[in-house]
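Taking it in order: structure first as structure tokens, then the write-up.
If you're wondering where the values come from, they're calculated on a predicted model, not measured in any experiment. Indexing begins at 1, ligand by ligand and atom by atom, following the structure's order. Residue numbers run from 1 in the order of the sequence given.
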Amino acid sequence: MTENHKQFETSAIHDGYDPSDLLGSLATPLFQTSTFTFETAEQGERRFAGEEAGYIYSRLGNPTVSVLEEKMAALEKGERALGFASGMAAVSAILVALTKANDHIICSAGLYGCTFGLVSMMKEKYNIEHDFSMMETKDELRQLIRPQTTCIYVETPINPTMKLIDLEMVSEVAREHNIPVVVDNTFASPYLQRPLELGCDVVIHSATKYIGGHGDVIAGVAVGTREFLDNVQMTTQKDIGGIMSPLDAWLLIRGLKTLPIRVDRHCDNAEKIYAELSSHPNVSRVLYPDDHDHPDYHIRQNQMKRGGGLISFEIKGTKKDAQQMLNNLEFVKIAVSLGDAETLIQHPATMTHAVVPEASRQKMGITDQLIRLSVGLEEWKDIWKDLEQALDRL
Ligand SMILES: *Cc1c(COP(=O)(O)O)cnc(C)c1O
């Protein structure tokens, strides 16, 4: 990759697209096409043989999707990015690319619900075993590494408990054994955390969340070296087929232009809401990475620019009370997903993590009283007023 000296904010707007390539169009054109015509049969032969650059068929590449991929590669400081139909399409394409039958994966103790489902299915179908680890020390991680270990898979901040994992530490141990580290960076976004700069190998996003930012797209992205992602493109992406649609890429390109200012505002609001929640009498515990007493606060300082827009909190009471708190809200919306302009709230034990067996949920710290909040872009005082009246009425 050519040296890119632009600042993040500028890259998010300008990288990956030059209007002079396309009739001066300021906005990236939407190439809503399934296929591309060849001028001659011989040209078609050359394109398929890889002797001539150019588009063939949108599952193999599309100009609008390519712009989004170049922007994401620049923002995550990777050589190449690939767009996918969903975050889970990206997760599954990467994990299937990195494993074969009887291999072994080490995962952070705390995974997105469907990723947990995927690794369980890989165990059942292909005997690909997995271990969960808190990844708090190098030794804890080293003890789990086997000759068959082909991937270390990390989420940080962990959903929904907001525990952090030291990515530099994990990548140092992985390097001793040449094991690739894959990081689901959805919660932080590349604006707050860049795992490749910390020595990790692959970054995955559910672009549905902060990258899109407006709750109107489901999409995923993976970023890493050109060699690895070229291989993914020609195998698990092309042949399993979970590609990103051109329209979704177009919406994500628009979303990315405001990613830095949106995420800063999400963080500003979350810091205020965190402080208010912490002193509410009906709240027993608040989990937020920017909490100075958070056991992982030093990790937050080292690897995240700010604390992010997600807060989890436990209320005093029962599962019924937690559900009542959600029902008491006026404009804060009850919904899974996160990173949207609207403040969203959900109950992990019965929603995002309902598929996780009760015992594993307990181990992960997902109690019936735990509520997850994705702080939106509204005026923070309005968000707090709504949360406060809902809590007061318990
Ligand atoms: C939403 C999410 C996913 C899955 O993404 P989809 O776009 O819904 O497929 C994966 N990881 C995390 C952390 C998520 O929040």
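Classification of the F132-F116 ring pair by plane angle, with boundaries at 30° and 60°, yields parallel.
Judged as a salt bridge (Lys or Arg N to Asp or Glu O under 4.0 Å), and not counting sequence neighbours, the contacts of D103 are K100.
Listed by first and then second residue, the salt bridge (charged side-chain N to carboxylate O under 4.0 Å, His left out) pairs involving residues 290-301 are K163-D296, D290-R300 (not counting sequence neighbours).
Here L60 is tied into one hydrophobic group with F38, F48, I56, Y57, each link being a pair of ILVMFWY side chains closer than 4.5 Å.
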Starting from the N and O atoms of ligand 1, find every protein N or O within less than 3.5 Å and list the pair with its distance.
unit_1, atom_1, unit_2, atom_2, d
ligand 1, 5 (O), S206, OG, 2.9
ligand 1, 7 (O), G87, N, 2.8
ligand 1, 7 (O), S206, OG, 2.8
ligand 1, 7 (O), T208, OG1, 2.7
ligand 1, 9 (O), G87, N, 3.0
ligand 1, 9 (O), M88, N, 2.9
ligand 1, 11 (N), D184, OD2, 2.6
ligand 1, 15 (O), K209, NZ, 2.8

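Checked against the 6.0 Å centroid threshold, Y210 and H205 do not count as a close aromatic pair.
One finds no salt bridge joining E172 and R175 here, because no Lys/Arg side-chain nitrogen approaches an Asp/Glu carboxylate oxygen to under 4.0 Å.
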